[in-house]
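Please read the structure below before turning to the comments.
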Amino acid sequence: MNLFAEMRAVVIAALETMSTEGTLPKGLDLSNVTVEPPRDPAHGDMATNAAMVLAKPAGLKPRDIADKLSHALMAEPRIDLAEVAGPGFINMRLAASVWGMVAHDALKQGRDFGRAALGHGIKVNVEYVSANPTGPMHVGHTRGAVFGDALASLLDFAGYDVTREYYINDGGAQVDVLARSAYERYREANGLEPEIREGLYPGDYLIPVGAALKEKYGDSLIDKPESEWLADLRVFSTEKMMDLIRDDLALLGVEMDVFYSEKSLYGTGRIEAALKRLDDLGLVYRGTLEPPKGKLPDDWEEREQTLFKSTQFGDDQDRPVKKSDGSWTYFAPDIAYHWTKVERGFDQLIDVFGADHGGYVKRMKAAVSALSENRVSLDVKLIQLVKLFKNGEPFKMSKRAGTFVTLRDVVEQAGADVTRFHMLTRKNDAPLDFDFAKVLEQSKDNPVFYVQYAHARVCSVLRKSGEAGWDMSDARLAQADISHLHPAQLPLAKKIAEWPRLVEIAARANEPHRIAFFLYDLASELHTLWNRGNDDHSLRFIQDDNEAASASRIALARAATVVISAGLGILGVTPAEEMR
RNA sequence: GCACCCAUAGCUCAGCUGGAUAGAGCGCUGCCCUCCGAAGGCAGAGGCCGUAGGUUCGAAUCCUACUGGGUGCACCA
């Protein structure tokens, strides 16, 4: 039940009646008519811009439309008052009983309250993390993982058919480096001195891989030329790295539906097929690129290449798909990979990239537009850096100095819930500070704690009333009479009513951080109401010796925590029953 | 040189895909527990929404140009 959508329908119906009665011209475009909460609660519960939006196309004055529309709206039983204000807004005050009905609805539906039909089962593919399989995940990956996962959950909640996908970059030269690095650890496992040359991966995490290689191959690969072991070791060590990454993701509570291997595209004709498709569309040609303006790279030379005409789709430059030696560039398998997404029937694609890959967005969008002939849209969400702090001091990460902070480090220190919530308290394209001391702080300037505390407080009330022998189950609370809310309870009830609307807004924008901010506001309303109980005991949730009165108060509080719980669920955070 | 992202209170950031007098936390000032969890709440002070134009009934939000910061820029993924 989305109250705002329902009231918009009431407004639209009134407008259509006005059209048929001749008060308004027929055939007006009503799509810009909105019903939303006014900034100032004194203006009422909801406001519509209908009169202002329609004034020009209808050839009427906003006030005239507004006067008639407000009269028509007064016929709606859920509207107590509709009045014209300002330049032509219509402010609506809703019947008090409406808010109780929303809370009641939340109790009945539980965590499904707010689940939207926005997506209509549209198939969405969310690709995130996609970290190179060359080592454990670090903090930078963590934010992308949390974001992508929360976004996927959000879209699912909004009614989309979501697939969570990880693209394994196991086809490129970095995997050769991995295999060689693992080979040195293998020699080490056989009692030889490893030669971790410049450019190899020095990390300790490859030591167990070396040991596993010894177990599998004994000493049979020692002193053999690279050509005899490289291919095998590529496969072996990539698998080990993916095990590592899967474990890291599990620590965070991230579970993928699909792991798609880049390597699996090679040798199967898939890359060729994707490129042929572009070629058939007349989008591939042999040519040379203009040298970049400004300072030239030292080794610039003009050369003829196989190019994809991405400029036709808004890119700044056509992009090479083949290297001069005839092998594919990294872009070619990416094109093929996205082509598989189109072929697999997805209607919308979302890629979650690090902000340093921003330059890659246009060509990827161009490729998807071209391959799908504009049927499938690609939205790329760029994730800004995480700045680590320790005790307020910026913390520099350095592989050499051994101060490389992994996902595991973060989750083991801060916990998955805290990490996840905190990473969603910033918009994805804004840099994020992560201070180990601050995220663990238990005060209201830590949103994680603040929201959890609100939830825990209500749980505490439920426990207490249970000890009094009362049945305060959700089923029982859904029967409670909450039709006559106290004015002090209204702000909380109204916030609860906003939840379904917020889900749609957040899903439309692909912005899960909005959920986190909403939960903070909701928690704030709950804390406020709680404290009102200090001044006015009749507002306390537990009314001694009066089960019915308690139930009606607790019902509202519980409805709030149902929403908190649903919201935290989208963020992948467990609601706290109590704070320790 | 070009493209993309960002610019909002002293600090860190929201701002509902164009709405009314721009919000929150921190910090500062003053209040509120014999009483459901004060790990909270209330009140006050604090703003030319980077600058200049444009679009319109209406702009922090959309467009253009500047200024300042970040990222990226042919055969690396």
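In what follows, chains are A, B, ... by sequence order, proteins preceding strands, each numbered from 1. Note: hydrogens, waters and symmetry copies are ignored here, and every other heavy atom, side chains too, is used.
If you check every strand for non-hydrogen atoms under 4.0 Å, A:Pro447 touches nothing. Residue contacts for A:Phe517: at a heavy-atom cut-off of 4.0 Å it reaches the sugar-phosphate backbone alone, with no base atom in range. The residue A:Ser443 sits close only to the backbone: its heavy atoms come under 4.0 Å of sugar-phosphate atoms, none of a base. At the heavy-atom level, A:Asn91 lies under 4.0 Å from base atoms of the strands shown. Using a 4.0 Å heavy-atom criterion, one finds that A:Asn49 contacts the bases of the nucleic acid, with or without backbone contacts as well. Counting non-hydrogen atoms under 4.0 angstrom, A:Pro62 reaches nothing in the nucleic acid. A:His357 comes within contact range of at least one nucleobase, with a heavy-atom separation under 4.0 Å. Residue-level contact check: A:Phe331 touches neither bases nor backbone, having no heavy atom under 4.0 Å from any strand. Looking at heavy-atom distances under 4.0 Å, A:Ala55 makes no contact with the nucleic acid at all. Backbone-only contact: A:Ala430 has heavy atoms under 4.0 Å from sugar-phosphate atoms and none from a base.
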If the sugar-phosphate is the primed atoms plus P, OP1 and OP2 and the base is the rest, what is the B/S/- string for nucleotides 26-38 of chain B, using protein heavy atoms under 4.0 Å?
S--------BBBS
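Residue A:Lys427 places none of its side-chain N or O atoms closer than 4.0 Å to OP1 or OP2 of B:C5. The shortest distance between the side-chain N/O atoms of A:Tyr360 and the OP1/OP2 oxygens of B:C76 is not below 4.0 Å. For B:C76, the OP1/OP2 oxygens have a side-chain nitrogen or oxygen of A:Lys323 closer than 4.0 Å. When the side-chain nitrogen and oxygen atoms of A:Lys56 are compared with OP1 and OP2 of B:C57, one or more of them lie within a distance under 4.0 Å.
The pairing partner recorded for B:C49 is none, the criterion being a Watson-Crick or G-U wobble arrangement whose two distances lie under 3.5 angstrom. The partner of B:G72 is B:C2, by the rule that a Watson-Crick or G-U pair needs both atom distances under 3.5 Å. In a base pair of the Watson-Crick type (N1 to N3 plus N6-O4 or O6-N4) or a G-U wobble (N1-O2 and O6-N3), with each distance short of 3.5 Å, B:G23 is matched with B:C13. Of the nucleotides present, B:C42 is the one that pairs with B:G30 by Watson-Crick or G-U wobble criteria, both distances under 3.5 Å. Pair assignment for B:C35: none, as no Watson-Crick or G-U wobble contacts are both less than 3.5 Å.
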Stepwise side-chain hydrogen bond (donor to acceptor under 3.5 Å, both in side chains) check, A:Ser550 with A:Arg553
CA-CA 5 Å; A:Ser550 299; A:Arg553 287 163 179 73; over 6 Å; no
Run the numbers on A:Phe421 and A:Leu568 for side-chain contact (heavy atoms from CB on, under 4.5 Å), then give the verdict.
CA-CA 8 Å; A:Phe421 194 104; A:Leu568 289 177; 3.7 Å; yes
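Each of A:Asp429 and A:Val53 was matched to the nucleotide of RNA chain B holding its nearest heavy atom; the match closer to the 5' end belongs to A:Asp429. Each of A:Ala173 and A:Lys362 has a nearest nucleotide on RNA chain B; the 5'-most of these lies closest to A:Lys362.
Picking from B:A24, B:C42, B:G19 the nucleotide with the shortest atom distance to the side chain of A:Thr528 gives B:C42. Taking only side-chain atoms of A:Ala85, from C-beta outward, the nucleotide of B:A20, B:C16, B:C42 with the closest atom is B:A20. Here the side chain of A:Ser324 is nearest to one of B:A3, B:A14, B:C75, namely B:C75. With B:A74, B:G41, B:A77 as the candidates, the nucleotide lying closest to the side chain of A:Gln174 is B:A77. Taking every side-chain heavy atom of A:Met52 into account, B:G19 is the closest of B:A3, B:G19, B:C16.
For B:G47 and B:C2, the P atoms lie 37 Å apart once the distance is rounded to whole Å. Taking the P atom of each, B:U67 and B:U29 are spaced 42 Å apart, rounded to whole Å. The gap from the P atom of B:A59 to that of B:G54 amounts to 12 Å, rounded to the nearest Å.
Look at A:His43 and the base of B:A20; the rings stack, centres closer than 5.5 Å and planes less than 30° apart.
Side-chain atoms of A:Asp318 come within 3.5 Å of backbone atoms of A:Ser310 as a donor-acceptor pair (strictly under, hydrogens ignored). Here the side chain of A:His527 pairs a donor or acceptor atom with the backbone of A:Tyr450 at under 3.5 angstrom. Panel note: side chain A:Asn169, backbone A:Asn132; no donor-acceptor pair is recorded below 3.5 Å. A:Glu262 places no side-chain N or O within 3.5 Å of a backbone atom of A:Asp334 that could act as its donor or acceptor partner. The backbone N or O of A:Lys323 sits nowhere less than 3.5 Å from a side-chain atom of A:Ser327 that would complete a donor-acceptor pair. Judged by distance alone, with hydrogens and angles left aside, the side-chain atoms of A:Arg501 form no donor-acceptor pair with the main-chain N or O of A:Leu3 at under 3.5 Å.
Between A:Arg508 and A:Glu504, at least one side-chain N (NZ, or NE/NH1/NH2) sits under 4.0 Å from a carboxylate O, which counts as a salt bridge. With respect to the salt-bridge test (charged N to carboxylate O, under 4.0 angstrom), the residues A:Lys494 and A:Glu525 do not qualify.
The separation between A:Arg426 atom CZ and B:U8 atom P is 13 Å, rounded to whole Å. Distance CZ (A:Arg319) to C1' (B:C76): 14 Å, rounded to an integer number of Å.
Under the 90° criterion around 0 for the glycosidic angle, B:C32 counts as anti.
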